[in-house]
Enquirer: 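One structure, pasted below without further comment.
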Amino acid sequence: MKTKEEMQRTARQLISQMTLEEKTGMLHGTGLFHTQGIPRLGIPPLKMSDGPMGVRSEFENGQWKQIGLPDDYVTYLPSGTAVASTWNPDLAGKVGEVLGEEARGRGKDVILAPSVNLKRSPLCGRNFEYMSEDPYLTASLAVPLIRGIQQSDVSACVKHFALNNQETNRLEVDVKADKRAVHELYLPAFRACEKVSYSLMSAYNRIDGEYCSHNKPLLTDLLRKKWGYDGTVISDWGAVHDTTAPAEAGLDIEMSVTDNFEEYYFAQPLCAAVRAGKVSDTLLDQKLENILVLMQRLHMLGGEKRKPGCYDTLPHQQATLAAAREAVVLLKNEDRLLPLAKGAGRILVIGDNAVRAHAPGGGSAEIKALYEITPLLGIRTVLGGETDVRWVPGYAAAPAKAQDENWQADSLKDHARDETAEDRETAAQQKTLRDEAVHLAGQYDRVVLVCGLSHLQDTEGADRPDMRLPYGQDQLISEVLKANPNAVVALIGGSPMEMPWLPQAKAVLWSSYAGMEGGRALAEVLFGEVNPSGHLPETFAKNLTDYSSHSIGEFPGGKSVDYKEGIFVGYRHFDAAKIEPAFCFGHGLSYTTFAYTDLQEKLCETEQKLQLTLSCQIQNTGRRAGKETVQFYVAAPQNDRPMPVRALCGFQKLAVVPGETARAEVTVPVKCLSFYDTALGAFVAEPGEYRIFAGCSSRDLRLQGTVQLQYRHVTTE
């Protein structure tokens with residue numbers, strides 16, 4: 001690859017030959033998913049596509065209407081939450097490789113992924129796209145995913161920058177958050193990603209009164225100057241509201257959802273602003289330089305050889321299955337009810353989610369999947385023909401809807417979801433279906449309830465109204481468990497859900513939307529072909545008001561939303577407030593057991609340098625081979641600022657066979673030992689005693705030690 005200086009020189013030579021109209025054509029959408037090229041200079045258009053779960057289908061250039069040819073079916077990948085549930089950076093990288101190869105195979109230059117916004121509230125409609133409530137876990141998985149994407153001469157586009165944590169009033173809401181929380185929680189994943197990602201997307205919302213796409217403190221002062229970002233900044237579709245402000249703020253490309261391309265703010269209005277002296281030629285040329293450097297990084301200019309990519313290959317399907325297997329989280333397993341016995345006999349499967357395909361929904365994350373293995377199909381294929389598998393719906397869910405082609409065109413308007421209307425429409429059917437399922441559950445030895453959410457609840461453009469399962473599922477689950485206490489509950493969804501029936505249930509599984517092989521992976525775990533190794537990337541509370549965004553802060557707010565809870569989000573809040581969750585951050589059971597021993601802390605410290613390495617040994621003490629995610633947490637010394645009880649500072653996933661041992665070892669980033677000092681504008685690790693913990697979740701901590709820092713360490717952003 002050329003050096004950056006060589007790419008900049010090439011870019012400047014090309015820019016010097018451009019007309020003003022040619023320049024602005026590269027700075028805005030001239031189709032719904034591409035900019036304008038300059039053929040006479042050998043510059044192609046920049047072609048983009050959603051999204052984080054696979055390459056979206058092809059649309060006509062100027063309207064949200066699918067072209068409809070059978071050549072854009074693709075691999076349907078696990079959601080961001082599912083990837084995070086694996087706690088496996090290597091698998092995240094493999095998912096990225098598939099996404100990058102498929103984007104390039106479909107002729108795309110930029111894939112709009114990953115989504116790394118923090119999960120502040122369990123009600124956010126787009127949580128399924130996001131990874132975690134913890135910034136360290138998010139960054140640890142997003143960075144290898146980006147690297148995987150960009151191996152195929154495709155740019156990742158990290159989104160949505162920044163403080164984009166709700167869908168209600170998403171186009172206008174003004175976020176208020178203190179600087180410490182912003183820098184400790186909401187920015188670290190973006191900071192880690194911008195070091196490797198060639199492009200980044202600005203969010204819809206406002207911060208301190210200014211739209212993110214117009215926000216000079218965000219895009220110029222922080223991103224460009226303080227962080228030194230040299231990639232391309234692309235707006236979310238319809239996130240620009242003016243010409244001069246976003247031009248001066250550091251936005252490079254404006255995209256939107258309407259077909260009046262020459263009326264976009266960076267089209268004819270930008271030409272007029274340059275001619276009137278309101279926007280300088282120098283500012284315009286810097287944007288073009290950023291874009292042309294991006295194109296050179298992707299080998300798009302000068303006839304360079306470029307990777308062709310591919311899609312719908314067997315290795316892609318195998319990678320998707322591998323990720324889906326490790327995304328399944330075993331939440332509860334009393335009496336070792338799981339795995340279920342295979343073999344001849346009968347099994348009853350209950351629930352709409354057993355047969356529902358999730359790929360077509362969710363908003364811009366919708367996928368035209370080559371195929372999707374549902375849980376019922378997965379169960380049938382794993383068990384084979386000697387087992388009589390019967391399915392009943394158990395509840396009447398609203399019918400799956402294909403994404404309305406006008407949805408995206410109307411997406412610049414706020415939408416409210418009326419689930420109560422759907423419930424009213426189906427209420428008459430619920431009792432009949434529930435009674436049938438309950439009656440049958442008492443007659444079967446093996447019963448699996450596949451329940452949860454769908455993209456009618458987990459979707460772009462609207463937040464969930466509460467944490468309850470829709471369509472009377474809680475009553476169904478409770479009554480089935482009374483009829484058959486050994487029924488297994490398998491939940492699918494993008495966010496936590498209340499489980500009032502949890503004390504009754506012996507075995508509970510959870511997975512987010514795990515892609516085209518999700519149903520097969522779930523079945524393999526149910527029947528013991530795969531030992532579950534997923535862990536929760538977020539806290540599952542017993543009640544909605546246990547979350548700090550609902551008990552201390554505001555969600556969703558009104559015209560503005562105040563993050564009054566500060567740094568106490570997710571498990572940081574639950575630990576500080578001593579709230580017992582239903583399932584804690586990092587929780588996940590296995591069909592085998594592991595013993596933890598020999599925690600070691602290796603500290604190398606001078607006044608100028610700090611390096612902390614942590615390790616411990618685990619032994620598989622059970623009868624099955626399995627994978628264990630060893631999690632390390634640190635508790636900083638308390639000072640005059642509120643500090644977390646403990647915070648994740650490292651993890652490693654290890655595969656261990658029965659009787660054998662393995663050693664987990666991590667190097668702790670200095671920032672994990674630090675707090676953000678708003679007066680200094682830097683991270684500070686104070687001298688003192690730091691407690692170290694190792695275990696398999698944030699509350700199942702098996703080992704404890706201490707390290708003593710002698711010096712004060714200051715780390716700039």
Enquirer: Testing the 3.5 Å rule here: is there a donor-acceptor pair between the side chains of Thr320 and Glu517?
Expert: no

Enquirer: Could you list the residues that satisfy ring pair (Phe, Tyr, Trp, His ring centres under 6.0 Å) with Tyr130, not counting sequence neighbours?
Expert: none

Enquirer: Just verifying a value: how many Å separate Leu476 CG and Leu469 CG, rounded to the nearest 0.5 Å?
Expert: 10.0 Å

Enquirer: Donor-acceptor pair, Asp50 side chain versus Arg56 backbone, under 3.5 Å?
Expert: no

Enquirer: Identify, with sequence neighbours excluded, every residue that meets salt bridge (Lys or Arg N to Asp or Glu O under 4.0 Å) alongside Asp466.
Expert: Arg468

Enquirer: Would a distance-only check, ignoring hydrogens and angles, find a side-chain to backbone donor-acceptor pair under 3.5 Å from Trp391 to Gly351?
Expert: yes

Enquirer: From Asp312 CG over to Leu370 CG, what is the distance, rounded to the nearest 0.5 angstrom?
Expert: 4.5 Å

Enquirer: Quick one: does any side-chain atom of Gln457 pair with a main-chain N or O of Ser454 as donor and acceptor, under 3.5 Å?
Expert: yes

Enquirer: Enter the distance from Thr374:OG1 to Asn353:CG here, rounded to the nearest 0.5 Å.
Expert: 10.0 Å

Enquirer: Would you mind reporting whether Glu133 and Thr539 have side-chain heavy atoms less than 4.5 Å apart?
Expert: yes

Enquirer: If we only count heavy atoms from C-beta on, is the Ser85 to His535 side-chain gap below 4.5 Å?
Expert: no

Enquirer: Does a side-chain heavy-atom distance below 4.5 Å link Lys159 with Pro52?
Expert: yes

Enquirer: Could you give the side-chain donor-acceptor pairs of residues 378-390 under 3.5 Å, partners two or more places apart or in another chain?
Expert:
| from | atom 1 | to | atom 2 | distance (Å) |
| --- | --- | --- | --- | --- |
| Arg380 | NH1 | Val389 | O | 3.2 |
| Arg380 | NH2 | Val389 | O | 3.0 |
| Thr381 | OG1 | Leu377 | O | 3.1 |
| Thr381 | OG1 | Gly378 | O | 2.9 |
| Thr387 | OG1 | Gly343 | O | 2.5 |

Enquirer: According to side-chain hydrogen bond (donor to acceptor under 3.5 Å, both in side chains), who are the partners of Ser152, at least two apart in sequence or on a separate chain?
Expert: none

Enquirer: Shortest non-hydrogen contact from Val154 to Ala103?
Expert: CG1-CB, 4.0 Å

Enquirer: Looking at every heavy atom in both Ser49 and Phe33, which two are closest together, and how far apart are they?
Expert: CA-CD2, 4.0 Å

Enquirer: If we ignore hydrogens and angles and just use 3.5 Å, is the side chain of Asp546 paired with the main-chain N or O of Ala541 as donor and acceptor?
Expert: no

Enquirer: Please verify the inter-ring angle class for Tyr471 with Tyr395; under 30° counts as parallel, over 60° as perpendicular, anything in between as tilted.
Expert: parallel

Enquirer: May I ask you to decide if Gly363's main-chain N or O and His455's side chain share a donor-acceptor pair within less than 3.5 Å?
Expert: no

Enquirer: Look at the side chain of Ser495 and the backbone N and O of Pro122, then say whether any donor-acceptor pair between them is shorter than 3.5 Å.
Expert: yes

Enquirer: Within a strict 4.5 Å, meaning less than it, do heavy atoms of the Thr661 and Ile618 side chains meet?
Expert: no

Enquirer: Donor-acceptor check, side chain of Lys307 to backbone of Gln151, threshold 3.5 angstrom: yes or no?
Expert: yes

Enquirer: Are the charged groups of Glu97 and Arg147 less than 4.0 angstrom apart, N to O?
Expert: no

Enquirer: Determine whether the side chains of Thr81 and Lys119 contain a donor N or O and an acceptor N or O closer than 3.5 Å.
Expert: yes

Enquirer: Hey, is Glu580 close enough to Lys542 for a salt bridge, meaning N to O under 4.0 Å?
Expert: no

Enquirer: Between Asn88 and Leu91, is there a donor-acceptor pair closer than 3.5 Å when you use the side chain of the first and the backbone of the second?
Expert: yes

Enquirer: Using every non-hydrogen atom in the two residues, find where Ala142 and Val116 come nearest and quote the distance to one decimal.
Expert: CB-CG1, 3.7 Å

Enquirer: Salt-bridge test for Lys482 and Glu479: reply yes if a basic N is under 4.0 Å from a carboxylate O, no otherwise.
Expert: no

Enquirer: Which distance, rounded to the nearest 0.5 Å, do you find between the OG of Ser512 and the CD of Glu129?
Expert: 10.5 Å

Enquirer: For the pair Ser698 (side chain) and Cys584 (backbone), establish whether a donor and an acceptor sit closer than 3.5 Å, ignoring hydrogens and angles.
Expert: no

Enquirer: Assess whether atom CG of Asp435 is packed by more than 12 heavy atoms of other residues, nucleotides or ligands within 6.0 Å.
Expert: yes

Enquirer: Can the ring centres of Tyr76 and His358 be said to be less than 6.0 Å apart?
Expert: no

Enquirer: May I ask you to decide if Leu337's main-chain N or O and Asn486's side chain share a donor-acceptor pair within less than 3.5 Å?
Expert: no

Enquirer: How many angstroms lie between atom CG of Asp134 and atom CD of Glu538, to the nearest 0.5 angstrom?
Expert: 11.5 Å

Enquirer: Specify the closest pair of heavy atoms between Ala397 and Arg356, including all atoms of both residues, with the distance to one decimal.
Expert: CB-NH2, 3.5 Å

Enquirer: Going by heavy atoms in the side chains, are Gln631 and Asp700 under 4.5 Å from each other?
Expert: no

Enquirer: Looking at Arg434 and Glu436, is any side-chain nitrogen of the basic one under 4.0 Å from a carboxylate oxygen of the acidic one?
Expert: no

Enquirer: Do you know which of Asn620, Asn531, Thr629, Asn333 makes side-chain hydrogen bond (donor to acceptor under 3.5 Å, both in side chains) with Ser590?
Expert: Asn531

Enquirer: Decide if atom NZ of Lys653 counts as having more than 12 heavy atoms of other residues, nucleotides or ligands within a radius under 6.0 Å.
Expert: yes

Enquirer: When you compare the side chain of Phe574 with that of Tyr547, does any pair of heavy atoms fall below 4.5 Å?
Expert: yes

Enquirer: Tell me the closest heavy-atom pair linking Gly622 and Pro658, and the distance in Å.
Expert: O-CB, 3.4 Å

Enquirer: Show the numbers, then the answer: is there a ring pair (Phe, Tyr, Trp, His ring centres under 6.0 Å) between Phe583 and Trp510?
Expert: CA-CA 11 Å; Phe583 298 104; Trp510 179 81; over 10 Å; no

Enquirer: On the 0 to 90° scale, with breaks at 30° and 60°, tag the Tyr571-Phe585 ring pair as parallel, tilted or perpendicular.
Expert: parallel

Enquirer: List the atom pairs, donor and acceptor, that lie under 3.5 Å between side-chain atoms in residues 497-504 and the rest of the protein, sequence neighbours left out.
Expert:
| from | atom 1 | to | atom 2 | distance (Å) |
| --- | --- | --- | --- | --- |
| Glu498 | OE2 | Leu544 | N | 3.4 |
| Trp501 | NE1 | Asp474 | OD1 | 2.9 |
| Gln504 | OE1 | Ser478 | OG | 3.0 |
| Gln504 | NE2 | Ser478 | O | 3.2 |

Enquirer: How would you list, by chain and number, every residue that makes a side chain to side chain contact (heavy atoms under 4.5 Å, CB included) with Pro532, sequence neighbours excluded?
Expert: Leu330, Val525, Tyr591

Enquirer: Which of these, Asp352, Ile492, Leu491, Val480, sits in a side chain to side chain contact (heavy atoms under 4.5 Å, CB included) with Cys451?
Expert: Leu491

Enquirer: Does the side chain to side chain contact (heavy atoms under 4.5 Å, CB included) test come out yes or no for Glu372 and Ile367, once each step is laid out?
Expert: CA-CA 10 Å; Glu372 180 176 353; Ile367 298 300; over 6 Å; no

Enquirer: When rounded to the nearest 0.5 angstrom, what is the spacing between SG in Cys124 and CG in Asp458?
Expert: 9.5 Å

Enquirer: Is the closest side-chain heavy-atom distance between Glu101 and His316 below 4.5 Å?
Expert: yes

Enquirer: Using the side chain to side chain donor-acceptor pair (under 3.5 Å) rule, take Arg623 and Thr593 through it: C-alpha gap first, then chi angles, then the decisive distance, then the call.
Expert: CA-CA 8 Å; Arg623 298 180 179 179; Thr593 54; over 6 Å; no

Enquirer: Are the side chains of Val158 and Pro114 in contact, using a 4.5 Å heavy-atom criterion?
Expert: yes

Enquirer: Regarding Gln166 and Ser121, do their side chains bring together a donor and an acceptor under 3.5 Å, going by distance alone?
Expert: no

Enquirer: Using a strict 4.0 Å threshold on nitrogen-to-oxygen distance, state whether Arg106 and Glu58 make a salt bridge.
Expert: yes

